[in-house]
Amino acid sequence: MKTDGLFRRFGDKISVNGRQGSGILLPMHPKDPEINKRLLPSGVVNGESYLLMTAMPLSEGDTVSCCGYSYEVRRSTQVRLMGDVSHYEGILRLAGRA
């Protein structure tokens with residue numbers, strides 16, 4: 001199943017280790033899932049962890065650039081539908097954070 005068209009249409013432009021593509025990047029906040037629904041002041045970076053869904057292969061340690069920020073892939077997995085790789089999902093953190 002091909003999801004790259006979905007990510008191109010609804011996602012943002014991303015770069016994974018210099019390779020260009022598209023993906024959907026969402027903030028994650030395990031202690032307060034409602035934080036994603038609240039408007040934050042300008043310049044506030046939401047949360048420490050982010051979920052990336054993309055058709056581009058991801059590996060732990062990859063560098064992802066999106067919307068002017070750099071992220072490090074902490075964990076990645078292939079999502080399969082009916083035996084075929086549908087897309088990749090990765091848990092990211094802002095680059096340079098401990």
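Values below: all heavy atoms of this structure, side chains included; hydrogens, waters and symmetry mates excluded. Source: prediction; values computed, not measured.
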* To do: Count the heavy atoms of every other residue, nucleotide or ligand shown that sit under 6.0 Å from CZ of R19, and state whether that count exceeds 12.
  => yes
* Asked: Does R75 CZ have over 12 foreign heavy atoms under 6.0 Å away?
  -> no
* Asked: When hydrophobic residues are tied together by side-chain contacts of less than 4.5 Å, even through go-betweens, does V73 share a cluster with V79?
  -> no
* Quick one: do I14 and L94 end up in the same hydrophobic cluster if we chain Ile, Leu, Val, Met, Phe, Trp and Tyr together by side-chain heavy atoms under 4.5 Å apart? -> yes
* Start with the C-alpha distance between Q20 and K13, add both sets of side-chain angles, then the distance that settles side-chain contact (heavy atoms from CB on, under 4.5 Å), and finish with yes or no. => CA-CA 7 Å; Q20 302 298 315; K13 292 180 183 180; 5.7 Å; no
Under a 3.5 Å distance rule, please check whether [X] uses its side chain to pair with a backbone N or O of [Y] as donor and acceptor.
X	Y	result
D62	V16	no
S76	L58	yes
D84	L81	no

* To do: Could I get the full list of ring-ring contact (aromatic ring centres under 6.0 Å, His included) partners for Y88, not counting sequence neighbours?
  => none
Heavy-atom distance under 4.5 Å between the side chains of [X] and [Y], does that happen here?
X	Y	result
L26	M53	yes
E72	T63	no
R93	S49	no

* **Which atom of Y71 lies closest to which atom of C66, heavy atoms considered** => CE1-O, 4.0 Å
* Asked: Rounded to the nearest 0.5 Å, how far apart are CD of Q78 and OG of S86?
  -> 10.5 Å
* To do: Hey, could you give me the OG1/CG distance between T54 and L25, rounded to the nearest 0.5 Å?
  => 10.5 Å
* To do: Before giving the answer on side-chain contact (heavy atoms from CB on, under 4.5 Å), spell out for L92 and R74 the whole-Å C-alpha distance, their side-chain angles and the decisive distance to 0.1 Å.
  => CA-CA 5 Å; L92 314 180; R74 302 295 290 161; 6.0 Å; no
* side-chain contact (heavy atoms from CB on, under 4.5 Å) between Y50 and V64, worked out -> CA-CA 11 Å; Y50 301 84; V64 175; over 6 Å; no
